[in-house]
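Below is one structure, written out as structure tokens, with a few remarks after it.
Note that the coordinates shown come from a computational prediction; the quantities given were computed from them, not determined experimentally. Here is the naming used below: chain letters follow the sequence lines, and residue numbers restart at 1 for every chain. When reading the values below, keep in mind they use all heavy atoms of this one structure, side chains included, and skip hydrogens, waters and symmetry mates.
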2 protein chains.
Amino acid sequence: MTDTRVTVREVARAAGVSVATVSRVINHNGRFSAQTEARVRDAIERLHYQPNQLARGLRQQRAEAVGVIVPNISNEFFSRMIVTLQAGLFAAGLSIVIYNTNHDPDMERQCHASLAAQRVSGIVSANSLEDVRVAVRRDVPTLYIDREVPEGGLGPNVSSVMSDNVASGRLAAQELARCGCARPMVLTATAGFPVTEVRTRSFAQELARLGVSLDEKRVIHPPATDFPSGHDAVTAALDAGLDFDGVFAQTDRLAMGALEALRERGVRVPQDVAVVGHDDILLARFSRPPLTTIAQDPERIGSLAAQIMLQMVAGELEQGRHELVPVRLVRRESTMRGQNVA
Amino acid sequence: MTDTRVTVREVARAAGVSVATVSRVINHNGRFSAQTEARVRDAIERLHYQPNQLARGLRQQRAEAVGVIVPNISNEFFSRMIVTLQAGLFAAGLSIVIYNTNHDPDMERQCHASLAAQRVSGIVSANSLEDVRVAVRRDVPTLYIDREVPEGGLGPNVSSVMSDNVASGRLAAQELARCGCARPMVLTATAGFPVTEVRTRSFAQELARLGVSLDEKRVIHPPATDFPSGHDAVTAALDAGLDFDGVFAQTDRLAMGALEALRERGVRVPQDVAVVGHDDILLARFSRPPLTTIAQDPERIGSLAAQIMLQMVAGELEQGRHELVPVRLVRRESTMRGQNVA
DNA sequence: TTGAAAGCGCTAACAA
DNA sequence: TTGTTAGCGCTTTCAA
């Protein structure tokens with residue numbers, strides 16, 4: 001069993017060298033003879049020595065850990081992303097410290113304070129509300145997930161990884177157009193959410209290119225992005241007599257709420273209304289009907305994030321990296337109309 | 001902006017006191033006049049002082065952090081549990097460091113080594129394969145989730161929290177019996193998984209009490225607990241001509257795979273076969289037909305875990321606490337036969 | 001190639 | 001009530 005008590009001192013004594021030499025061997029620093037190294041490694045092995053990360057961190061002025069801030073880790077997108085992020089960082093000896101903010105700005109401030117106090121080597125911030133300008137003043141490498149970040153002038157300590165949201169909007173537009181939709185509706189997030197606004201814009205643009213116009217009154221901002229919000233928004237739209245024959249819902253949960261509302265009112269999907277979701281969560285293939293959706297790749301995002309974070313921590317980046325991860329359309333029954341069931 | 005550079009020294013100087021006094025005020029330790037306290041707090045405020053957790057941890061011989069080891073955080077049960085666990089610990093100033101092991105014993109060893117090196121204050125281990133006897137020798141408080149732990153004699157540093165698995169088995173048995181099932185089948189985990197074995201045993205016992213017997217040949221151990229395993233196991237059972245009229249699947253994913261296999265073969269649920277799942281994941285209400293299942297309460301488990309961990313860390317426990325969290329039957333269409341659609 | 005020693009920022013024992 | 005100081009375990013000059 002790893003004995004918590006052993007220190008460099010013990011190892012040094014056991015190996016018959018100084019603590020400095022032990023440290024050199026551990027960190028591959030400076031020079032030492034092969035013989036010395038062997039003796040030290042042997043002592044480490046025998047004593048089950050575990051370098052104290054607290055002491056090392058104090059000395060180096062930073063912990064071998066990265067902070068991860070997400071709205072809610074039980075969101076499938078984030079939890080899947082974190083799996084690969086964690087694996088990638090762990091392989092390089094970095095641990096991850098996780099916080100959920102539930103989009104609460106105050107909680108977010110507390111998390112950042114806690115991470116500062118822990119002197120983490122970097123911060124991965126997903127979909128945070130925090131002001132980027134504030135972050136830039138910090139000197140700790142920060143990587144934003146799913147977040148529009150001004151590319152230039154932020155220096156080497158700010159990077160970002162996100163899905164190709166322009167492609168998302170475009171693919172959704174193409175799919176609904178292919179279904180022959182003439183009056184498409186959008187269920188998006190609360191107004192002002194950059195990522196979803198990009199998608200909506202791109203959606204409208206591509207529709208226009210295809211000769212379909214997106215009417216402002218059919219762009220709906222539900223209070224949240226969950227199932228009930230989708231359900232209620234569509235129910236309200238039907239009640240208000242809003243006329244639509246296609247839906248682009250910016251989360252699958254919104255889409256599934258929409259499907260339920262439509263079914264309740266006897267509106268047929270895809271015959272009367274075609275529906276495209278976004279994310280491709282596990283649920284999507286089980287909805288009634290199974291949901292066509294724009295799949296994100298959270299695993300890819302996580303491993304890319306790990307890679308970039310490691311580069312930033314190592315000081316290898318002259319400039320922040322800003323990466324777009326491809327999305328793809330997953331066609332299921334909710335858009336299977338005659339013309340595209342090839 | 002939190003300035004990373006400020007130390008107790010600066011604060012002490014600014015407040016016109018010694019570093020010891022600053023430390024006392026911060027930690028509510030020892031005595032100090034109200035006036036001194038005010039001056040110190042003021043200085044802390046003005047300088048945006050953030051105590052260095054690395055230094056504090058080194059001095060105290062332990063970090064203000066708890067390690068969390070799970071098979072895979074993208075498993076809904078764990079991610080939901082972690083949300084409340086994290087919140088509960090954060091409120092007490094503890095961060096959580098997370099690892100995924102994917103049930104790999106070697107990875108698990110590495111994680112424990114890493115946590116030891118970080119001198120975490122405690123470890124929450126979910127469904128781990130690690131030997132408890134090994135853990136007992138460690139002096140760090142360890143809390144097992146979903147894990148049978150011998151209650152006595154482990155001392156104050158080992159606790160456990162899990163669902164009431166005996167109740168799970170009983171409820172499933174009652175539900176299938178109520179459906180009139182005479183030849184129930186069980187889809188469980190790989191043999192030797194303690195938690196699921198408890199459920200199976202309790203299931204069989206309650207069935208017996210109700211006059212139904214569980215035939216060994218209808219207890220099936222699929223290779224994994226996911227959708228394909230459930231699908232393949234049921235398909236194989238049908239192919240083998242196994243006769244059954246009810247299924248207790250020990251995860252909802254297994255259950256959903258079973259539903260799909262049954263549908264493919266034209267077996268009607270619930271008319272021909274009634275199905276009960278376990279966990280109540282988000283998906284369960286969307287299956288075809290919607291799945292009756294035994295709901296676990298991961299949020300409750302997480303917050304209880306936080307509470308117990310805090311007690312252990314504070315040294316308030318004479319004995320480890322071993323808590324059972326209630327489960328409940330959520331009845332949906334997969335068991336709605338005439339006799340119990342009340 | 002190796003060792004001695006300073007010091008990272010903090011807390012706590014001891015003195016005053 | 002407050003201050004002085006040792007030392008947690010490590011890395012890294014500086015000297016040898």
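With distances taken from any side-chain atom of A/Thr36 to the nucleotides C/dA4, C/dT1, D/dG9, the minimum falls on C/dT1. When distances run from any side-chain atom of A/Val19 to the nucleotides C/dA5, C/dA12, C/dC10, the shortest one goes to C/dA5.
In this structure, A/Thr142 and A/Asn157 have side chains that are not in contact, with every pair of non-hydrogen atoms separated by 4.5 Å or more. Looking at heavy atoms from C-beta onward, A/Asn52 lies out of side-chain contact with A/Thr7 at the 4.5 angstrom threshold. Between B/Phe32 and B/Val17 the shortest side-chain heavy-atom distance does not fall below 4.5 Å.
When the P atom of C/dG7 is taken as reference, atom CD of A/Gln61 falls 14 Å away, rounded to whole Å. Separating the CD atom of A/Gln60 from the C1' atom of C/dG9 is a distance of 15 Å, rounded to the nearest angstrom. Atom pair A/Gln118:CD and C/dG9:P shows a separation of 17 Å (rounding to whole Å applied). One can place CZ of A/Arg59 at 11 Å from C1' of D/dG9, the figure rounded to the nearest angstrom. Remark: P of C/dC8 and CG of A/Leu54 are 17 Å apart, rounded to the nearest angstrom. Remark: P of D/dA6 and CG of B/Leu58 are 17 Å apart, rounded to the nearest angstrom. Straight-line distance from the CZ atom of B/Arg13 to the C1' atom of C/dG9: 14 Å, rounded to whole Å. The nearest whole Å value for the distance from the CZ atom in A/Arg31 to the C1' atom in D/dT12 is 16 Å.
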Note to self: Working note: A/Met162 + A/Glu148, criterion side-chain contact (heavy atoms from CB on, under 4.5 Å); need CA distance, chi angles, decisive distance, verdict.
What the structure shows: CA-CA 8 Å; A/Met162 61 179 159; A/Glu148 295 288 339; 3.7 Å; yes
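B/Arg56 comes within 4.0 angstrom of sugar-phosphate atoms only, judged by non-hydrogen atoms across all strands, and of no base. Counting any heavy atom pair closer than 4.0 Å across all strands shown, A/Thr21 reaches sugar-phosphate atoms only and no base atom. Contacts of A/Arg9 with the nucleic acid, taken as non-hydrogen atoms under 4.0 Å apart, are absent.
Using modelled atom types and a 3.5 Å distance limit, the side chains of A/Gln118 and A/Ser114 yield a donor-acceptor pair.
Residue-to-nucleotide proximity on DNA chain C shows that, of B/Gln53 and B/Arg24, the 5′-proximal contact is made by B/Gln53.
Under 4.0 angstrom from either OP1 or OP2 of C/dG9 there lies no side-chain N or O belonging to B/Thr7. For D/dT2, one of the phosphate oxygens OP1 or OP2 lies less than 4.0 angstrom from a side-chain nitrogen or oxygen of B/Ser33. A close approach under 4.0 Å does not occur between any side-chain nitrogen or oxygen of A/Asn29 and OP1 or OP2 of D/dT11. Listed pair A/Asn52 / D/dC8 fails the phosphate criterion, with no side-chain N or O lying under 4.0 Å from OP1 or OP2.
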